[in-house]
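Written out below as structure tokens is the structure these notes cover.
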Amino acid sequence: MKANIAFIGLGNMGLPMVANLIKGGHRVWAYDLQPEAIDRAARLGATAARSAVEAVQQAEVVISMLQTGHQVDSLYVSGGDPLFKHLAAGALVIDCSTIDAATAKATAAQAMTHGLDFIDAPVSGGVAGAEAGTLTFIVGGTAAQFARAQPVLSQMGQKVLHAGEHGAGQMAKACNNMLLAVQMAGTCEALNMGINNGLDPGVLSEIMQQSSGNNWVLQHYNPVAGVMDKVPAAQGYSGGFKVRLMCKDLDLAMDLGQTSSSPVPMGAAAKALFNLHQVAGHEDLDFSSLLMLFQKVNRP
Ligand code: NAD
């Protein structure tokens, strides 16, 4: 099925997702608060919209890829000109942002009052996954909504997984990203210790990948410059997944831990490390730049 799609939020993730929708033959109307992001989407073949309201005029499907729950709530429900009022009844709204489950559930409830289908569908796989169309979508919503969204999500990802009812996608994503933060912190710590003992980081990474320390960061996202091509570490930690967004995700995980009385000592340790790195002025660097924190401590 080829659909008319409005895409809101054309940042590091949104833009390559738009590129894959266009490749798949969908018609895309693109909007972002930053005009240069809209220009980039137009160069890919999207129609530039001057506002979110303009973007959804002909939309059967709306996809948002914003930073926070506040932005999502404001766009659809509580802002100056809420988008839900402008959508044709029956439209499908897919929010791919990583946000809190409470906002996802409340937005889904509001969508229902407007006769709209809404799902939370945060993603895993990073910018490289968005570019390659190999993202994993983690969906919260009814079985019927999940089935309805599957064809369009498959255009941007390899795996579309149903976590449960509304909000479940966001809860599963918070669990995953807490684990990712722990993996990144542990991998930086181990690589830094190896380097300080004269080991070659490429050789050490290969050894750990072939051993029991193997993990996603070592396989796809090595934090040491020069070990892998096409990762943020190879580009001065630009692009990728911003430190400020990982701190936001760790806040979401801590909230989830607290409301469910679940102990999260490893997540809390990772949060402390990423927060230290953020307040040192690195909030817009990729999260693999956490390595710098370890290097700073042992090289005064
Ligand atoms: P980003 O900061 O690069 O892009 C977000 C974009 O949203 C910006 O261009 C911003 O101008 C735009 N925006 C914000 N409010 C808007 C509004 N009301 N209307 C229109 N545009 C608006 O962030 P990103 O890295 O693309 O991440 C987006 C989401 O995906 C975040 O929730 C993040 O946690 C999640 N995520 C990111 C990655 C990654 O590797 N970057 C991976 C998985 C999930």
Side-chain angles (χ1 to χ4, degrees), residues 6-19 29-41 46 48-56 62-84 86 94-101 103-104 107 120-132 134-138 156-157 159 169-170 172-181 184 216-217 220-221 230-233 235 237-253 274 283-289:
F7 203 109
I8 320 283
L10 310 165
N12 288 332
M13 295 295 284
L15 196 69
M17 291 165 77
V18 165
W29 282 257
Y31 177 68
D32 193 289
L33 293 176
Q34 298 180 32
E36 57 278 19
I38 304 175
D39 293 343
R40 283 194 283 272
R50 280 166 299 182
S51 67
V53 171
E54 186 179 303
V56 303
V62 180
I63 302 175
S64 45
M65 194 44 158
L66 310 182
Q67 294 155 333
T68 65
H70 176 72
Q71 289 172 352
V72 171
D73 171 64
S74 166
L75 175 72
Y76 290 119
V77 180
S78 70
D81 197 6
L83 217 48
F84 279 169
H86 294 273
I94 303 174
D95 180 44
C96 295
S97 327
T98 304
I99 66 170
D100 59 292
T103 298
T107 311
D120 42 301
V123 307
S124 176
V127 173
E131 286 170 353
T134 57
L135 291 171
T136 297
F137 287 90
I138 308 165
M156 301 176 284
K159 295 192 187 109
Q170 296 297 352
K173 172 68 179 168
C175 295
N176 180 75
N177 271 29
M178 183 177 78
L179 181 56
L180 172 64
M184 179 58 82
W216 186 89
V217 170
H220 301 288
Y221 221 100
K230 296 184 184 159
V231 289
Q235 298 145 21
Y237 301 111
S238 64
F241 182 39
K242 291 173 192 146
V243 168
R244 71 164 84 236
L245 293 180
M246 179 50 100
C247 287
K248 178 251 315 176
D249 288 2
L250 286 166
D251 285 342
L252 296 176
F274 277 102
E283 62 270 31
D284 287 322
L285 292 184
D286 177 72
F287 82 123
S288 62
S289 66

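Numbering starts at 1 and runs along the sequence shown. Just so you know, ligand 1 is whichever comes first in the structure, and atom 1 is the first atom listed for that ligand. These numbers come from the heavy atoms of this one structure, side chains and all, not from hydrogens, waters or symmetry mates.
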- Query: Should Met17 and Cys96 be marked as a side-chain contact (heavy atoms from CB on, under 4.5 Å) after you check the CA-CA gap, both sets of side-chain angles, and the distance that decides it?
  - Reply: CA-CA 10 Å; Met17 291 165 77; Cys96 295; 4.1 Å; yes

- Show the numbers, then the answer: is there a side-chain contact (heavy atoms from CB on, under 4.5 Å) between Asp249 and Phe241? CA-CA 11 Å; Asp249 288 2; Phe241 182 39; 3.4 Å; yes

Protein contact of [atom] - nearest heavy atom, named by residue and atom, plus distance:
| atom | answer |
| --- | --- |
| atom 14 (C) of ligand 1 | Gln71 OE1, 3.5 Å |
| atom 40 (O) of ligand 1 | Phe241 CB, 3.3 Å |
| atom 3 (O) of ligand 1 | Asn12 N, 2.9 Å |
| atom 4 (O) of ligand 1 | Gly11 CA, 3.2 Å |
| atom 21 (N) of ligand 1 | Leu33 N, 3.3 Å |
| atom 27 (O) of ligand 1 | Leu245 CD1, 3.7 Å |

- Just let me know how Leu66 lines up against ligand 1, side chain, backbone, both or neither, with a heavy-atom cut-off below 4.0 Å. both

- For ligand 1, note which part of Gln67 has a heavy atom under 4.0 Å away: side chain, backbone, both or neither. both

Short question: side chain of [X], backbone of [Y] - any donor-acceptor pair under 3.5 Å?
| X | Y | value |
| --- | --- | --- |
| Lys230 | Ala128 | no |
| Lys173 | Val123 | yes |
| Gln170 | Ile99 | yes |
| Asp286 | Lys242 | no |

- Message: Is it true that, when you exclude His220 itself, more than 12 heavy atoms of the residues, nucleotides or ligands shown sit nearer than 6.0 Å to its NE2?
- Response: yes

- Of the listed options (Arg244, Lys242, Met17), which comes nearest to atom 1 (P) of ligand 1 when hydrogens are ignored and any heavy atom counts?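 Looking at heavy atoms only, the winner is Lys242.
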
- Task: Using heavy-atom distances, let me know which of Asp95, Val123, Asp32 sits nearest atom 9 (O) of ligand 1.
- Result: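 It is Asp32 whose heavy atom sits nearest to atom 9 (O) of ligand 1.
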
- Task: Step by step, work out the side-chain contact (heavy atoms from CB on, under 4.5 Å) result for Asp95 and Val62.
- Result: CA-CA 8 Å; Asp95 180 44; Val62 180; over 6 Å; no

Give the atom numbers and elements of ligand 1 that come within less than 4.0 Å of a heavy atom of [X].
| X | answer |
| --- | --- |
| Thr98 | 32 (O), 34 (O), 35 (C), 44 (C) |
| Val127 | 40 (O) |
| Tyr31 | 19 (N), 20 (C) |
| Ile8 | 19 (N), 20 (C) |
| Met65 | 5 (C), 7 (O), 29 (C), 30 (O) |
| Lys248 | 31 (C), 32 (O), 33 (C), 34 (O) |

- Message: So, taking the atom named OG in Ser124 and the one named CG in Leu135, what distance separates them when rounded to the nearest 0.5 Å?
- Response: 8.0 Å

- Task: To the nearest 0.5 angstrom, please state how far the CE atom of Met178 sits from the CG atom of Leu252.
- Result: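 These two atoms lie 12.0 Å from each other.
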
- Got an N/O contact under 3.5 Å between Met13 and ligand 1? yes

- Query: Would you call Phe137 and Ile94 a side-chain contact if the rule is heavy atoms closer than 4.5 Å?
  - Reply: no

- Measure the distances from the heavy atoms of Gly240 to every atom of ligand 1 and state whether one is below 4.0 angstrom.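 Yes; Gly240 lies near enough to ligand 1 that a heavy-atom distance drops under 4.0 Å.
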
